[in-house]
Q: 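Have a look at this one before I ask anything.
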Amino acid sequence: MKRYRVKPDSKVDLGKIDPGSTKGFKGGKEDAEQLFHPLNQRLLAIQESLWAEHKRKVLVVLQGMDTSGKDGTISHVFQGVNPLGVRALAFKAPSPEELSHDFLWRIHAKVPGAGEMVIFNRSHYEDVLPVRVLELAPPEIWRPRFDQINDFERLLAETGTTVLKFFLHISKDEQKKRLQDRLDDPAKRWKFRTGDLKDRAHWDDYMEAYEDLLQRTSQKHAPWYVVPANKKWFRNLLVATVLVETLESLGIERPEPEEDLKGIEIE
Ligand code: AMP
Ligand code: MG
């Protein structure tokens with residue numbers, strides 16, 4: 001787990017991190033699938049405690065290129081959670097109203113409240129990704145955002161939110177396969193947008209932008225994990241492990257009943 005966490009201020013060379021890696025795990029796909037079920041059960045138990053305690057909050061940020069598996073991670077890792085306490089949402093290009101505010105305005109409105117777990121499919125990090133790579137705003141605008149993001153996430157952490165951020169790292173070849181699959185499979189065609197090809201054409205610029213944000217915004221209280229994501233089973237296993245281990249270490253307990261229940265008889 002630790003080997004995939006980005007240390008604050010440390011340089012990241014994504015070219016040296018193999019997206020097909022399964023380092024730290026000895027087994028293969030079948031072993032991973034066997035391990036996954038008990039992990040998922042532990043996640044469900046923690047989520048129920050989080051909701052019952054109704055105090056702390058959890059924010060999970062998923063970033064990655066198109067087809068990196070953000071949707072798949074959500075549907076797989078969070079399967080079975082109680083929808084009462086869990087919300088997942090996807091951030092698209094901002095609307096004119098959103099653009100008329102600061103970039104964190106729409107994000108702050110969606111962070112978890114007490115007892116909630118919220119999963120972001122894309123996030124405020126888009127504001128230093130396409131905005132930078134496609135030059136939607138000049139450097140004077142996006143450069144200060146690293147500090148602004150760190151301050152924002154510190155505010156979240158200091159007010160009871162556990163923030164975990166995952167970069168789903170796939171290779172350019174793997175993206176080609178997955179995009180082709182979206183074109184070929186009628187059930188997946190709805191996901192294909194020609195705009196994705198524009199982002200793909202800027203692959204190297206995106207990798208550079210990711211390296212920069214990983215270095216600048218991985219904080220002790222809001223760490224980034226680089227998740228090798230060519231193999232979906234490994235991606236799911238790693239994300240689930242980080243989540244479960246981190247949340248279990250918080251020691252969230254279910255509250256005591258409000259009154260003394262001794263001696264109560266139900267007829
Ligand atoms: P998808 O997640 O594939 O459905 O696509 C959502 C699109 O919205 C992606 O192309 C994102 O890059 C884009 N997007 C999300 N947030 C922003 C943002 N703050 N600025 C510009 N584009 C964004
Ligand atoms: Mg897309």
Side-chain angles (χ1 to χ4, degrees), residues 14 59-78 87-111 118-153 156 163 165-172 174-185 187-214 216-217 224 227 229 232 235 239:
L14 288 173
L59 176 62
V60 178
V61 171
L62 297 177
Q63 283 288 159
M65 299 296 282
D66 280 302
T67 75
S68 61
K70 301 181 290 296
D71 294 1
T73 302
I74 294 173
S75 55
H76 201 85
V77 172
F78 295 90
R87 263 185 299 131
L89 55 137
F91 288 97
K92 306 288 175 187
S95 69
E97 194 198 4
E98 288 168 343
L99 277 176
S100 79
H101 291 82
D102 70 82
F103 77 107
L104 291 170
W105 179 74
R106 66 172 184 162
I107 307 292
H108 207 165
K110 300 294 184 191
V111 299
V118 169
I119 305 129
F120 283 175
N121 176 336
R122 302 189 191 270
S123 64
H124 41 305
Y125 287 98
E126 292 294 309
D127 293 280
V128 288
L129 286 162
V131 170
R132 170 181 183 166
V133 170
L134 306 177
E135 299 182 9
L136 305 179
E140 306 87 85
I141 297 290
W142 59 257
R143 224 177 261 291
R145 286 180 174 167
F146 297 116
D147 286 341
Q148 290 160 353
I149 288 172
N150 287 335
D151 287 344
F152 170 63
E153 291 179 357
L156 297 181
V163 184
K165 304 179 290 196
F166 298 96
F167 167 57
L168 307 183
H169 181 37
I170 55 165
S171 62
K172 200 175 173 188
E174 181 66 22
Q175 191 195 47
K176 185 175 183 180
K177 274 190 227 147
R178 294 185 186 183
L179 284 174
Q180 189 62 50
D181 192 41
R182 282 187 182 178
L183 275 181
D184 297 344
D185 182 348
K188 292 184 184 162
R189 230 167 261 161
W190 67 275
K191 277 197 174 191
F192 192 90
R193 290 177 315 113
T194 46
D196 297 349
L197 300 178
K198 187 170 165 203
D199 287 330
R200 178 172 168 79
H202 287 281
W203 186 274
D204 293 345
D205 300 328
Y206 270 107
M207 291 307 111
E208 220 180 291
Y210 267 112
E211 286 174 349
D212 217 17
L213 75 83
L214 290 167
R216 289 167 194 272
T217 63
W224 272 109
V227 178
K232 294 175 184 173
R235 171 200 80 198
V239 172

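Atoms within each ligand, like the ligands themselves, are counted from 1 in listed order.
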Q: Nearest non-hydrogen contact with atom 19 (N) of ligand 1 belongs to which option: D127, T67, L99, V131?
A: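 That would be D127.
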Q: By number and element, which atoms of ligand 1 are closer than 4.0 Å to a non-hydrogen atom of F91?
A: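 Those qualifying, in numeric order: 15 (C).
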Q: So does K177 pair up with D184, basic N to acidic O under 4.0 Å?
A: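 Not counted as a salt bridge, because no side-chain N and carboxylate O are separated by less than 4.0 Å.
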Q: Suppose I only count heavy atoms of K92 and a 4.0 Å limit; which atoms of ligand 1 are within that range?
A: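 Selected atoms, number and element: 1 (P), 2 (O), 4 (O), 6 (C), 8 (O), 14 (N), 15 (C), 16 (N), 17 (C).
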Q: Look at the rings of W105 and H101 and say which category their plane angle falls in: under 30° parallel, 30 to 60° tilted, over 60° perpendicular.
A: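 The arrangement is parallel - the two ring planes meet at less than 30°.
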Q: Considering only heavy atoms of D66, which atoms of ligand 1 have at least one such atom less than 4.0 Å away?
A: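 With D66 as reference, the close atoms of ligand 1 come out as 3 (O).
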Q: Using side chain to side chain contact (heavy atoms under 4.5 Å, CB included), reason through R189 and R182 one step at a time and then give a plain yes or no.
A: CA-CA 5 Å; R189 230 167 261 161; R182 282 187 182 178; over 6 Å; no
Q: Report yes or no: does A90 have a heavy atom closer than 4.0 Å to ligand 1?
A: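 False for this residue.
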Q: Do any nitrogen or oxygen atoms of R122 lie less than 3.5 angstrom from nitrogen or oxygen atoms of ligand 1?
A: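 In this structure, R122 places an N or O atom under 3.5 Å from an N or O of ligand 1.
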Q: Please state whether R106 comes within less than 4.0 angstrom of ligand 1, counting heavy atoms only.
A: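 True for this residue.
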Q: Tell me whether Y210 contacts the main-chain N or O of L129 through its side chain, where contact means a donor paired with an acceptor under 3.5 Å.
A: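 Side chain of Y210 to backbone of L129: no pair is present.
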Q: Report yes if some N/O of N121 lies less than 3.5 Å from some N/O of ligand 1; otherwise report no.
A: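 N121 vs ligand 1: no N/O contact under 3.5 Å.
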Q: Is there any salt bridge (charged side-chain N to carboxylate O under 4.0 Å, His left out) pair reaching into residues 140-149, and which pairs are they, with sequence neighbours excluded?
A: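 Found D127-R145.
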Q: Who's closest to atom 10 (O) of ligand 1 heavy-atom-wise, of E126, R193, H124, K70?
A: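 The nearest heavy atom belongs to R193.
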Q: Please state which option from A93, G64, A137 has its nearest heavy atom closest to atom 23 (C) of ligand 1.
A: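 It is A93 that holds the nearest heavy atom.
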Q: Taking only Lys NZ, Arg NE, NH1 and NH2, and the carboxylate oxygens of Asp or Glu, determine whether D196 and R193 approach each other closer than 4.0 Å.
A: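 R193 and D196: salt-bridged.
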Q: Looking at ligand 1, does G195 have a heavy atom less than 4.0 Å from it?
A: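 For ligand 1, residue contact (heavy atoms, under 4.0 Å) with G195 is absent.
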Q: For D212, what residues pass the side chain to side chain donor-acceptor pair (under 3.5 Å) criterion, not counting sequence neighbours?
A: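 Counting only residues at least two positions away or on another chain, D212 forms a side chain to side chain donor-acceptor pair (under 3.5 Å) with R132, R216.
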Q: Where's the contact between L129 and ligand 1, heavy-atom distance under 4.0 Å: side chain, backbone, both or neither?
A: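 Neither; nothing of L129 gets under 4.0 Å from ligand 1.
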Q: Using modelled atom types and a 3.5 Å cut-off, is there a donor and acceptor pairing between side-chain atoms of R200 and backbone atoms of K172?
A: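 Yes; at least one donor-acceptor contact below 3.5 Å.
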